[in-house]
Undergrad: 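Take this structure, written in structure tokens, and hold onto it; I'll ask about it next.
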Amino acid sequence: MKKWLKILLIGLGSLLLLALMAALGGWLYLRSNFLYFEQEYPELAALSTLTVNGYTFVDRNSNGELDPYEDDRLPLETRADDLLDKMTTEEKIHLLKGSGMASGLGLTEAGDGIPGAVGTIVPTPRLGLPTLYLSDGPAGLRIQPVREGEDRTYYCTAFPIATMLASTWNTDLVHRVGEAMGNEALEYGIDVILGPGANIHRHPFCGRNFEYYAEDPLLTGKMGAAMVNGIESNGIGTSVKHFVANNQETDRHLNNAIVPERALREIYLKGFEIIVKEAQPWTIMSSYNQVNGAFASQSPYLLTDVLREDWGFEGIVMSDWFGGRDAVAQIKAGNDLLEPGTKKQWKALQRGYENGELPQAAIDNAARRILKLILQSRKMEGYAYQNNPDLEAHASIARRSAAEGMVLLRNEGALPLQQEQEIALLGVTSYDFIAGGTGSGDVNEAYTVALEAGLKAAGFAINATARQWFEDHKAAHTAEFVKPEGLQAMTQPYDPPEIDYTDTQLEKVAAEADVGILTIGRNSGEGGDRVEEDDFLLSAQEQSLLERACNAFQSADKPLIVVLNVGGVIETASWKSRPDAILLAWQGGQEGGHAAADVLSGRVNPSGKLPMTFPVQLSDHASNANFPLEGEPINFLNLLMGEAIKPKAEQVRNRDFTRYEEGIFVGYRHFDKAGLQVSYPFGYGLSYTQFAYSNLEVETGADTILVTVEVQNTGAQPGQDVVQVYVSRPESGTEHPPQELKAFAKTPELEPGATTMLKFHVPVADLRYWDEQQRKWTLQNGIYQLRVGASSRDIRLEAKVEL
Ligand code: BGC
């Protein structure tokens with residue numbers, strides 16, 4: 001054989017061998033990380049019961065006796081301790097990690113599991129402890145809607161995104177949303193919902209801001225607590241995430257957030273603190289990122305000192321999926337449960353125990369907390385779920401909360417629409433509404449009501465010419481209008497192209513219809529951050545369309561309304577004066593189109609207010625100096641395979657580490673301090689009526705300042721208003737934000753002329769600041785100003801108190 005041929009063959013052979021080895025390695029890696037490895041621990045067999053003194057109990061370990069842990073009259077602690085005594089260390093270690101992602105991928109060998117569930121708490125069949133299922137997420141339960149070989153479906157309700165729920169400023173309503181969401185979990189056999197999210201909107205570009213409530217920790221905390229209490233009223237757990245300082249998706253598995261302690265305490269931890277104190281959630285999810293040099297899931301400071309010792313958290317901490325690097329360090333730090341759990345972690349824990357690195361006490365602490373959760377669960381109670389939640393009732397809660405979360409940004413007399421008007425709908429999004437963001441915060445809902453369908457159902461005529469152009473456009477771009485599913489929906493989000501209208505076309509529909517509505521859509525999601533071009537800013541095509549549509553309609557003496565179907569902040573300052581009205585419809589879940597029609601038609605008077613600032617320009621945000629502005633395209637590695645991403649030697653700013661140099665000056669705290677103009681301030685939102693505030697009274701007690709104020713509807717429509725109480729601290733050597741939100745309330749619906757009295761309790765302890773020198777909360781003496789407003793930039797009444 002020729003020498004060159006020999007070399008070629010050897011080369012090709014080696015390449016083939018390498019490829020085979022890589023494929024095998026990949027398969028083994030996937031197998032130990034993703035697939036089911038629970039064969040050693042089969043599912044529960046049927047359990048017998050026993051009757052003692054007329055009460056019936058489940059004899060979980062089939063020993064014919066009533067063991068303390070089986071006796072649900074005893075305190076949880078006693079029952080958990082009994083279980084702990086009965087378990088071997090091996091069984092306890094087994095409990096500290098889930099069983100991989102097989103259930104969610106429908107890959108369990110036994111064919112059991114709940115398709116779409118992303119994690120489990122493993123069973124202990126010897127003691128009759130069942131498997132618990134964990135599933136996403138913040139906007140509604142996320143499970144797989146279709147199961148192989150079954151005709152029926154398992155759809156869940158897509159509620160409005162968290163940011164939109166926060167825009168309602170209505171904790172009772174959010175509680176109701178939580179009740180409905182938790183009920184779906186209960187009825188579909190899921191034990192813990194992986195939400196709500198409580199990270200702060202540090203910068204508008206974080207791809208997951210839509211899953212989080214606000215730029216302010218008080219609003220975040222109150223909304224989160226209402227949601228947790230609502231969900232958990234069903235006997236279903238929550239996992240409040242992502243603890244903590246997970247404010248960017250770029251390099252999320254490694255990023256080291258370098259946060260000054262005051263900012264950490266006052267801004268990033270504060271929302272979680274309120275949730276823990278007001279709702280004591282069953283679980284908290286530690287975040288992927290590092291905080292000041294330690295992975296959040298491996299930080300004893302965060303998980304033990306702050307969470308448990310300072311705040312009294314009693315539940316379990318679970319890791320984010322594949323988060324952290326060192327299983328033993330995680331358990332030792334107080335991260336009780338590793339999710340979804342890998343074989344590698346299981347082995348590491350066993351090894352750690354054998355070589356003494358993982359003390360028995362750490363195993364027992366974590367196992368005890370997990371056992372308490374299991375004992376509390378409805379599964380343990382034997383709740384027989386039927387897979388039939390009342391989706392219709394939940395859809396009406398979704399619609400109601402979406403309508404209340406819409407924010408009317410501008411209205412020059414164009415809204416509400418007159419009945420029987422014909423509407424020309426422009427922009428693809430008008431016909432194809434976006435229900436929510438992508439990634440684990442997405443929901444598999446049965447349908448999404450588009451704006452078109454909503455307006456039609458509300459009795460409006462839809463201009464047929466504009467509708468036909470949409471149909472033609474869609475037919476010309478069939479491939480781009482196919483909605484991706486599953487993992488593809490996460491990595492290649494749906495983003496169909498916009499329609500190119502000519503001037504003549506716009507003039508034609510302006511002549512035919514009474515009103516024009518142009519919808520602008522945006523989406524983002526887990527694993528990637530947003531960018532300025534064509535995202536925060538309108539694209540050149542959108543700018544031109546907006547300008548020309550305004551011209552066409554306004555020169556025909558007809559209004560042009562802009563609807564924003566977005567998940568986060570976009571630039572508005574440069575164009576907001578052009579349309580006659582702007583409705584920020586957010587992403588309203590599956591009923592978004594009905595809810596938008598409710599508000600546009602005046603059936604619901606808008607009462608939503610902004611949970612964040614809309615800046616004039618991006619660079620006005622103090623955090624802009626230290627945020628990854630170039631964006632991160634969503635990719636599979638970044639989504640799931642965190643463990644496989646290796647730290648690099650060279651540390652790149654805003655990727656590998658991010659300095660929170662702005663400290664506590666996040667959102668309005670910064671805009672107010674810097675005296676910057678904003679496009680729309682924090683707390684802002686219009687109504688179809690007006691409200692007047694009067695008779696502010698302030699009473700200072702030992703622990704609480706009681707603020708009362710009268711609110712009157714002085715306009716012609718019934719409506720609700722959100723009233724905000726900001727506090728300014730006395731001047732001192734320490735730098736403070738000019739004002740901070742310390743309380744808020746929403747009025748009931750007030751008829752024209754009607755008055756209501758709102759009461760606010762401001763705990764004196766909430767007026768303290770974190771003293772970095774002394775490392776403690778400190779109350780400053782002096783005169784505090786209480787500022788009552790309709791937004792952060794519309795303060796109507798003020799009073800002073802001396803503390
Ligand atoms: C997300 C979590 C989610 C988990 C399970 C992770 O990638 O960060 O928010 O709960 O996946 O889906």
Side-chain angles (χ1 to χ4, degrees), residues 33-34 97-105 113-121 132-144 156 161-162 181 185 190-199 206-213 224 227 231 237-255 272 281-289 295-297 316-324 335 337-342 436-444 486-487 489-491 524-529 632 634-645:
N33 279 290
F34 286 93
K97 81 294 151 293
S99 60
M101 291 199 61
S103 162
L105 301 173
I114 299 179
V118 284
T120 52
I121 293 179
L132 299 196
Y133 289 93
L134 323 175
S135 212
D136 288 302
L141 185 68
R142 176 176 165 78
I143 57 171
Q144 219 164 279
C156 295
I161 56 170
M181 225 185 255
I190 299 293
D191 303 281
V192 178
I193 292 187
L194 305 174
N199 295 99
C206 171
R208 295 188 87 171
N209 274 353
F210 74 95
E211 294 185 60
Y212 307 140
Y213 293 113
M227 178 59 82
I231 294 175
T238 53
S239 194
V240 185
K241 65 194 189 182
H242 307 89
F243 189 75
V244 62
N246 184 182
N247 304 104
Q248 69 182 60
E249 287 297 284
T250 302
D251 208 21
R252 66 178 182 161
H253 289 275
L254 287 176
N255 178 262
F272 288 96
W282 286 17
T283 91
I284 282 185
M285 189 189 292
S286 55
S287 55
Y288 286 130
N289 53 291
F295 281 103
S297 65
I316 68 172
V317 175
M318 68 175 79
S319 67
D320 197 349
W321 268 232
F322 305 104
N335 193 111
L337 178 62
L338 308 178
E339 283 297 336
T342 65
T438 66
S440 60
D442 194 4
V443 179
N444 296 315
L487 204 55
M490 286 192 172
T491 51
S524 76
E526 177 175 359
D529 286 317
E632 170 95 330
I634 299 175
N635 66 63
F636 184 68
L637 258 191
N638 193 3
L639 275 176
L640 279 182
M641 312 261 286
E643 239 187 24
I645 303 176

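In each ligand, atom 1 is the first atom listed, and ligand 1 is the first ligand listed. Computation of the quantities below employed the complete heavy-atom set of this structure, encompassing side-chain atoms and omitting hydrogens, waters and symmetry-equivalent molecules. Residue numbers start at 1 and run along the sequence shown.
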Undergrad: Check each atom of ligand 1 against the heavy atoms of V118 and keep those under 4.0 Å away; list them by number with element.
TA: 5 (C), 12 (O)
Undergrad: Looking only at heavy atoms, is any part of R208 under 4.0 Å from ligand 1, and if so is it the side chain, the backbone, or both, or is it neither?
TA: side chain
Undergrad: Provide the number and element of each atom of ligand 1 under 4.0 Å from a heavy atom of H242.
TA: 2 (C), 8 (O), 9 (O)
Undergrad: Has M285 got any heavy atom lying under 4.0 angstrom from an atom of ligand 1?
TA: yes
Undergrad: Under a 4.0 angstrom heavy-atom cut-off, which atoms of ligand 1 come close to E526?
TA: 1 (C), 6 (C), 7 (O), 8 (O), 11 (O)
Undergrad: What atoms of ligand 1 come within less than 4.0 Å of a heavy atom belonging to D320?
TA: 1 (C), 2 (C), 3 (C), 4 (C), 6 (C), 8 (O), 11 (O)
Undergrad: Please give me the minimum heavy-atom distance between L141 and V443, naming the atom from each residue.
TA: O-CG1, 3.3 Å
Undergrad: Can you classify the ring geometry of F272 versus F243 as parallel (below 30°), tilted (30 to 60°) or perpendicular (above 60°)?
TA: perpendicular
Undergrad: Is the closest N or O pair between D136 and ligand 1 shorter than 3.5 Å?
TA: yes
Undergrad: Give the minimum heavy-atom separation between C206 and N247, together with the two atoms involved.
TA: CB-O, 3.2 Å
Undergrad: Where does M318 meet ligand 1, judged by heavy-atom distances below 4.0 Å: at the side chain, the backbone, both, or neither?
TA: neither
Undergrad: Do you know which two heavy atoms are closest between Y212 and H242, and how far apart they sit?
TA: OH-ND1, 2.8 Å
Undergrad: Quick check on Y288 - does any of its heavy atoms sit under 4.0 Å from an atom of ligand 1?
TA: yes
Undergrad: Take L194 and M318, measure what side chain to side chain contact (heavy atoms under 4.5 Å, CB included) needs, and give me the verdict at the end.
TA: CA-CA 10 Å; L194 305 174; M318 68 175 79; 3.9 Å; yes
Undergrad: Looking only at non-hydrogen atoms, find the nearest pair between G195 and T238 and report the distance.
TA: O-CB, 3.3 Å
Undergrad: For ligand 1, is there an atom lying under 4.0 Å from some heavy atom of E211?
TA: no
Undergrad: For residues S297 and N335, is any side-chain donor paired with an opposing acceptor at under 3.5 Å?
TA: no
Undergrad: Using a strict 4.0 Å cut-off to heavy atoms of L194, name the atoms of ligand 1 that fall inside it.
TA: 10 (O)
Undergrad: Ignoring hydrogens, what is the shortest heavy-atom contact between G441 and A139? Give both atom names and the distance.
TA: O-CB, 3.8 Å
Undergrad: If I compare all heavy atoms of G525 with all of F210, which pair ends up nearest, and what's the gap?
TA: CA-CE2, 3.8 Å
Undergrad: Can you list the ligand 1 atoms lying under 4.0 Å from a non-hydrogen atom of K241?
TA: 2 (C), 3 (C), 9 (O), 10 (O)
Undergrad: If you measure from each heavy atom of R252 to ligand 1, is any distance below 4.0 Å?
TA: yes
